[in-house]
Amino acid sequence: MNRLSLSIFLCCISALPAGNLLGQSQRNHGWVVSGSSSKLLIQGKEILNGRDEFRFKNPEGMSQIQEIDYYLMLGEYYLRKKDKVGIANILYDLRTKKGEYAFADFLLTSLWKQSQGEEVQAIKILDNYIQKEPNTYFRNLAKNMRTNLFQAGEDEKKSMIRMDCQKTKPYYSLCRVFRLQYYIDLPSGKEKDMHKHFVNIMRVSSPFFEDPNLEWIPLLDRIDEDLPAKLSFLGFVREGIHLQKMIMDLEKITDGSIGENSNERMAFFQILGGDYSGAEESLLNFLRSARGKKASILNRVYVKLGALAYFQKDYKKSLEYYLKLDLNNWSADIHHPFLNEPMSITGVKDLISVSLYKVSGPEAALKALQKIQDPEKLTEADIWPKLRISQMLMDQNPELSSRMTDEIIYMAQEKKWRRLEYAATILQGYNQIYRKEFRKSTIELTKSRGILDEENTFYAAEFLRNFGFVFAHTASGKKGPVNGNIRDGVADYLQNNVYEDLYYIRNYRPLAFSTDLFFEYALSHLRDDNDVWGLLDSIYKYNSVKWIRSQKGNPHSLFQIQFVDKQFQYLSGFSTARESKFFDSTYADSRETESQFQRKNEEESVKNLESAKLPTVLLLPYKDEFYLFTFNPKESRRNQLSWKVIRSQRPDTSDAIDSVRELIHSGKENETVQIYLNESGASLMRSLKKEMKETQFVFFFSLLPQSDTQKTPGVFSWKCPSNMRSLEGKGMNLVETAYFEGSRILKEKERLHLWDFPANTSSVNSVANLSWSCKSDVGNLEEIPFLKLFRRIDYRTVPRMVVYTERVLGKSWSDYSWHYNWLHFWFRSGTKKIAYLPTLPVLDAGSVSGLADPSRYREDGVWIQATAQ
């Protein structure tokens with residue numbers, strides 16, 4: 001089928017403009033690309049630029065460390081250009097200088113020999129240096145470089161020597177890369193202390209974002225061009241992208257453009273990191289640099305662009321990209337972006353039909369699908385479009401759809417096409433609901449569970465199966481035992497909701513049975529059944545999904561591991577052939593192990609409320625109303641949890657306040673009441689504090705199990721700010737910046753960290769960009785950026801409690817979202833209690849210890865526990 005017939009297949013779709021170019025922050029050390037110009041900077045000073053074609057000149061006004069960086073950076077340029085004169089100039093200079101230049105000399109000489117095809121001689125040069133070098137630091141640098149350059153074998157790991165790196169020594173950036181390589185190769189995939197490995201990797205990779213000396217790593221493409229991929233497969237995709245940008249900038253400067261392979265690889269990393277507009281731009285850059293390439297190569301990229309636009313719900317743009325496919329030149333190497341397996345022409349037409357359905361409706365899509373001609377011998381790939389037709393027919397003609405699906409099921413069973421059988425069986429389960437064959441529906445949905453073998457478990461869609469049971473039983477009008485299906489379906493949906501649109505493609509989900517409709521049916525059933533715990537579980541997770549989806553920006557540091565692991569599960573087909581060797585690597589195994597560990601540690605359960613000792617209130621929004629849940633530990637177990645619907649869009653309505661007053665009166669006078677911290681809970685708290693001054697109200701943040709110790713913490717703060725220095729000797733432990741930000745570990749485990757320093761005015765445009773700075777008593781400017789905290793705080797450095805004031809965020813407590821994101825960071829990091837005060841009162845030795853007392857915050861502050869108490 002040629003381009004013209006593809007246009008007919010799709011109908012007529014108008015073109016849309018491409019995405020915007022993304023800017024890149026300026027580098028002050030190393031190679032810098034800016035538009036069509038480029039230059040070489042050493043610590044902010046321009047040394048060479050593209051206008052003079054980077055002709056060699058002797059370094060002037062530099063320290064020895066800076067000169068070595070200059071020689072290595074210019075050397076990597078000449079190596080890529082195969083510039084014999086340039087390399088000769090550098091080597092001549094290195095050999096006439098006194099100092100620690102010898103390693104640079106031997107390294108560049110070895111690399112030049114390698115570039116000329118003289119591998120044996122290249123190895124011999126480094127070996128001679130290793131044999132004669134008396135200094136352990138330089139010898140280990142050479143050994144690690146030799147491992148990188150010349151170690152052969154299929155195993156992607158390398159036996160690196162662990163190095164300690166100091167800025168005062170030359171070759172610091174190379175040392176740091178070798179140290180990072182050592183740590184990323186330690187985890188073997190499954191061990192119990194995996195989290196410790198990931199914390200260490202986070203720590204050794206952090207300086208690359210923070211240290212001006214590491215803004216450029218000379219010879220990175222020679223050292224390990226796959227280092228960005230290894231980091232990304234571990235889950236550290238932000239770090240992978242950071243290093244990949246260096247490799248690409250060197251390509252741009254030396255070759256005049258970035259290679260297609262690098263652009264396509266970068267697009268995959270950006271997709272893993274959730275930067276979809278950046279990924280689109282990288283793929284468009286691929287197309288700009290690939291003019292004249294074979295149509296089969298361009299097809300691969302257009303498929304990715306079309307799928308990427310679909311995933312972002314831009315269906316018109318998706319069709320625009322698909323229209324550019326040339327199916328006369330199809331290649332078996334093209335993979336399905338959402339399944340990561342080879343895709344036939346029939347498969348791509350099936351993919352296109354879904355975007356067409358979204359834009360033009362079922363008639364246009366069905367016409368396109370019906371034009372697909374069957375070959376003489378049908379394969380599984382040829383049957384999928386028939387299941388797509390059945391899916392699209394369901395609304396209009398459920399009888400015909402059912403007959404078609406039955407035929408597909410029988411064929412799939414006979415041929416042992418398990419995935420096809422599974423998808424068809426689920427679809428038939430829904431189809432029978434349409435046909436009011438409710439018993440048959442539950443039989444099909446029950447059967448589906450045993451179809452997939454271990455090889456195809458990734459294809460399972462448990463929330464679709466469980467949703468189907470709920471739809472079938474509710475539509476039948478009979479009270480069915482679906483409470484467990486609701487619980488399991490909601491739990492699975494919480495984990496996979498971001499990829500919901502893909503279930504239409506991957507699992508042939510019928511559009512008529514929406515998630516919104518499921519929640520309506522589920523809540524109606526739970527109310528009728530008076531399953532109050534199930535009701536709380538469903539609405540709590542419904543709100544969790546809404547919060548997840550509201551997050552713009554993507555996770556940092558260790559918080560990104562779970563996110564990236566999910567991206568791999570659903571979007572791994574956007575990878576390039578270069579990454580294929582890493583899918584079965586220990587890097588991938590280690591990421592999955594760490595992701596499971598984190599997910600298990602963050603699994604919330606409403607049943608944890610059963611161990612609460614305090615009266616508890618949860619006010620959870622659902623559409624245009626609220627569900628108010630109250631837990632009274634004094635009641636019998638059966639009656640402890642109560643609920644009511646508040647039919648109002650105001651969370652502090654009198655109905656809600658009266659319910660809380662009733663809860664209080666059923667217990668002791670002056671008892672503490674805990675409220676779940678969400679936006680509606682915060683609003684309710686403000687009114688309750690005014691109306692019930694005799695009661696103390698506190699917040700709790702999550703429904704994780706209780707794990708807090710009751711030990712009194714020591715009070716610590718940052719030594720640098722002048723207002724903190726005045727508290728020296730008043731029961732306050734003042735510590736240096738490195739300890740307060742988490743770079744170094746304090747011996748005391750039970751700590752309260754006091755934050756009372758203003759955010760820098762330049763940083764208050766977003767929570768992630770917050771930073772705090774001050775002048776130390778010796779006049780040095782010190783700073784703690786929030787992004788550095790993200791990378792530094794872990795289970796070894798997180799404080800037990802945090803107290804902060806309005807100055808820290810520059811926003812009052814009424815600006816809920818800022819405070820919530822700040823609290824989310826600390827609680828997710830492992831902090832157990834957080835208290836807020838608008839302003840810090842005058843403190844003395846007695847009142848400093850009182851910061852850990854919840855009654856201190858009763859009037860004008862806020863006290864938040866990590867979990868319900």
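Being a predicted model, the structure only gives us computed values, none of them experimental.
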Visitor: Quick one about E239 and Q560 (side-chain donor to acceptor, distance below 3.5 Å, no hydrogens or angles considered), yes or no?
Guide: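 Result is yes, a qualifying pair exists.
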Visitor: Looking just at side-chain N and O atoms, do E592 and Q596 make a donor-acceptor pair shorter than 3.5 Å?
Guide: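 Judged by distance alone, the side chains do not pair up.
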Visitor: Per the side chain to side chain contact (heavy atoms under 4.5 Å, CB included) rule, which among I47, N213, I42 passes with Q66?
Guide: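 Looking at I47, N213, I42, the match for Q66 under the side chain to side chain contact (heavy atoms under 4.5 Å, CB included) is I42.
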Visitor: Test side-chain hydrogen bond (donor to acceptor under 3.5 Å, both in side chains) on T576 and E264 and set out the steps.
Guide: CA-CA 7 Å; T576 77; E264 194 175 9; 5.7 Å; no
Visitor: Counting C-beta onward and ignoring hydrogens, is there a side-chain heavy-atom pair between F236 and L243 closer than 4.5 Å?
Guide: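 Answer no - side chains too far apart.
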Visitor: Give the ring-plane orientation class for Y70 versus F56, where under 30° counts as parallel, over 60° as perpendicular and anything between as tilted.
Guide: tilted
Visitor: Please check this pair: side chain of S557 against backbone of F790, looking for a donor-acceptor N/O pair closer than 3.5 Å.
Guide: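 Checking the backbone N and O of F790 against the side chain of S557, a donor-acceptor pair under 3.5 Å is found.
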Visitor: Under a 3.5 Å cutoff, is there a donor and acceptor pairing between the side chains of R95 and Y101?
Guide: no
Visitor: Less than 3.5 Å apart, any donor N or O on the side chain of D185 or Y587 sitting next to an acceptor on the other?
Guide: yes
Visitor: If I compare all heavy atoms of L108 with all of G75, which pair ends up nearest, and what's the gap?
Guide: CD2-CA, 4.1 Å
Visitor: With the side chain counted from C-beta on, respond yes when N148 and M160 share a heavy-atom pair under 4.5 Å apart, and no when they do not.
Guide: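 Yes, close enough: below the 4.5 Å cut-off.
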Visitor: Would you say the side chain of F268 lies within less than 4.5 Å of the side chain of S232, judging by non-hydrogen atoms?
Guide: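 Not in contact.
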Visitor: State, without any angle test, whether E748 and N733 hold a side-chain donor-acceptor pair at a distance under 3.5 Å.
Guide: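 No pair is found: no donor N or O on one side chain lies under 3.5 Å from an acceptor on the other.
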